[in-house]
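One structure is given here, and the rest of the page talks about it.
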2 protein chains.
Amino acid sequence: MDPNLIPFFKAAVSVDNVVFGFDQSGLKVLLIYRGADPYRNCWALPGDLISLDSDLSSSAEKVLQDLTGLDKVYMEQIHTFGKVDRHPFGRVFTVAYFALIKIEDYNIHPSSWAEEAAWFPISEIPDLPFDHNEILLFAKDQLKTKIRRQPIGFELLPKYFTLTELQKLYESILETEFDVRNFRKKILSMDFITDTGLKQSSVTHRPAKLFKYNAKKYSKLSSSDFAFDL
Amino acid sequence: MDPNLIPFFKAAVSVDNVVFGFDQSGLKVLLIYRGADPYRNCWALPGDLISLDSDLSSSAEKVLQDLTGLDKVYMEQIHTFGKVDRHPFGRVFTVAYFALIKIEDYNIHPSSWAEEAAWFPISEIPDLPFDHNEILLFAKDQLKTKIRRQPIGFELLPKYFTLTELQKLYESILETEFDVRNFRKKILSMDFITDTGLKQSSVTHRPAKLFKYNAKKYSKLSSSDFAFDL
DNA sequence: GAATATATTGTAAAATATACAATAATACCA
DNA sequence: TGGTATTATTGTATATTTTACAATATATTC
């Protein structure tokens, strides 16, 4: 099909990914050190212009894969940002995604023009180029809203996890604290997790039971008929 | 700034609006009859390609204004759709918005290449061109999710409304029914609406009290610290 | 085996949600 | 004018959920 059938203004389109990770020290965001203009030598969200031969969602995965080596991660579209002057080189619309990954399961391999990649604690994010700070704020808010309604937090935890880890995860994202007993009662009363019978090892105190997430049951639900409601 | 500094693929970008309205017969969506290719002579969502001289959100307002005459309506971005072949004339990314309007307050004036504009009951939407049916589905789901958490339903009602109207609105959007007494208790226990002291007139039965929405209190809240929770 | 460190568990009270039906206010009509 | 039709308004008892709160258990280390 002749692309010139659209006699109209055209713009570049990019994808920016807000990749969240979690470990004992709390919630983290993955940034890359830019080795390309504009904003060369700055930490920024892993994002790039996209080509026109794949669907938007595939492009998002490809951008993340190219810059960080991350593959097959949980991704969700957040919002599209399109201020006229958000990119110094011209009109670029950017579609923001958030991604949730299990830090332990992946090795980050910065490549393409990403010179480095590093996890930054959510509370220590530097000034970022473009409108990336705004995008990050949006992503945090979205994650906060979403995690209260849908069981997506498990994407941030290892396959087997303790209830304490799960609680800390919710507490860092929601920026609040829960009572240990009430949290456990509530989580267990939903059907989301199962006791594996296994226990933590190599800890210097009473080992905790290991749980896993029951993924299967919760596919195919429309977002509006969910009520995780933590 | 020289736009050629971006040596990259470019695409057209459009906006598609899912405009919701509500009256005694239920929830409705505004469609226009296309007087331009592609899909000339079809009912479709009011959407159009955008130019590069305004911010994305302004473009969304402008598209709606140009096609329907609607101005200053509540709009919110939903999602961006970017399948390779979603537009027969080439690569077009479309950013979908939903809009909520008070049907009575506006006259729709189809213009530009929109030959007609009409309200379609949500349950009687025809087959739409492009990926508009998918967009509409997305919008319905988003509205459903959102209205349970944030007091946006009032954008669909006249300035003064009865509790029965409010209940019908929630029932149509959420596709459920509420007990009259419990619904009223719950709504009134939140601080969202005030009894104006006025009553319905010209009805052939006991006139209902008229309420209005307390808009001011609920600005500036981040979406994550809301709990409307109907 | 004592000290240290974290994991695990139950119960009572308060708040919220649910189920359910009788009475009130207006217009219309005989 | 009184009866009928139609929708609006309101309360209470019960079930469920949420909250507040602390003692005991299980492992390691010294």
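Labels below follow one simple rule: chain letters A, B, ... track the order of the sequence lines, proteins then strands, and each chain is numbered from 1.
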Nearest whole Å is fine: how far is [N] [atom2] from [X] [atom1]?
X	N	atom1	atom2	value
B:Lys168	D:dA8	NZ	C1'	12 Å
A:Gln200	D:dT28	CD	P	11 Å
A:Leu210	C:dA7	CG	C1'	12 Å
A:Ile187	C:dA7	CD1	P	16 Å

- Task: Would you mind listing every ring-ring contact (aromatic ring centres under 6.0 Å, His included) that reaches into residues 112-148 of chain B, with sequence neighbours excluded?
- Result: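 Qualifying pairs, neighbours excluded: B:Tyr39-B:Phe130, B:Trp43-B:Phe120, B:His79-B:Phe138, B:Phe81-B:Phe138, B:His87-B:Phe130, B:Phe130-B:His132.
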- Donor-acceptor pair, side chain of A:Asp71 and main chain of A:Gln65, under 3.5 angstrom: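 Checked: no pair found.
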- Between the main-chain N or O of B:Glu134 and the side-chain N or O of B:Asp131, is there a donor-acceptor pair closer than 3.5 Å?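 Checked: no pair found.
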- Message: Which residues pass the side chain to side chain contact (heavy atoms under 4.5 Å, CB included) test with B:Ala114, not counting sequence neighbours?
- Response: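 For B:Ala114 the side chain to side chain contact (heavy atoms under 4.5 Å, CB included) partners, ignoring immediate neighbours, are B:Ile32, B:Leu67, B:Pro110.
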- Item | Partner set under side chain to side chain contact (heavy atoms under 4.5 Å, CB included) for B:Glu61, not counting sequence neighbours |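 Counting only residues at least two positions away or on another chain, B:Glu61 forms a side chain to side chain contact (heavy atoms under 4.5 Å, CB included) with B:Met75.
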- Message: For B:Phe154 and B:Tyr213, take the angle between the two ring planes, folded into 0 to 90°, and tell me which bin it lands in: parallel under 30, tilted 30 to 60, perpendicular over 60.
- Response: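 Parallel, since the angle between the ring planes stays under 30°.
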- Query: Of the options B:Phe161, B:Phe192, B:Phe211, which is the one that meets B:Leu166 in a side chain to side chain contact (heavy atoms under 4.5 Å, CB included)?
  - Reply: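 That would be B:Phe161.
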- Task: Identify, with sequence neighbours excluded, every residue that meets salt bridge (Lys or Arg N to Asp or Glu O under 4.0 Å) alongside B:Lys83.
- Result: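 So B:Lys83 forms no salt bridge (Lys or Arg N to Asp or Glu O under 4.0 Å) with any residue.
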- Query: When we call it a touch if two heavy atoms are under 4.0 Å apart, what does A:Thr164 touch: a base, just sugar-phosphate, or nothing?
  - Reply: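 Answer is sugar-phosphate: A:Thr164 comes under 4.0 Å of backbone atoms only.
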Between the protein and nucleotides 9-16 of chain C, which nitrogen or oxygen pairs are less than 3.5 angstrom apart?
unit_1, atom_1, unit_2, atom_2, d
C:dT11, O4, A:Lys185, NZ, 2.6

Could you write out each protein N or O paired with an N or O of nucleotides 25-27 of chain D at a distance under 3.5 Å?
unit_1, atom_1, unit_2, atom_2, d
D:dA25, N3, A:Arg206, NH1, 2.9
D:dT26, O4', A:Arg206, NE, 3.1
D:dT26, O2, A:Arg206, N, 3.4
D:dA27, OP1, A:Lys199, NZ, 3.2

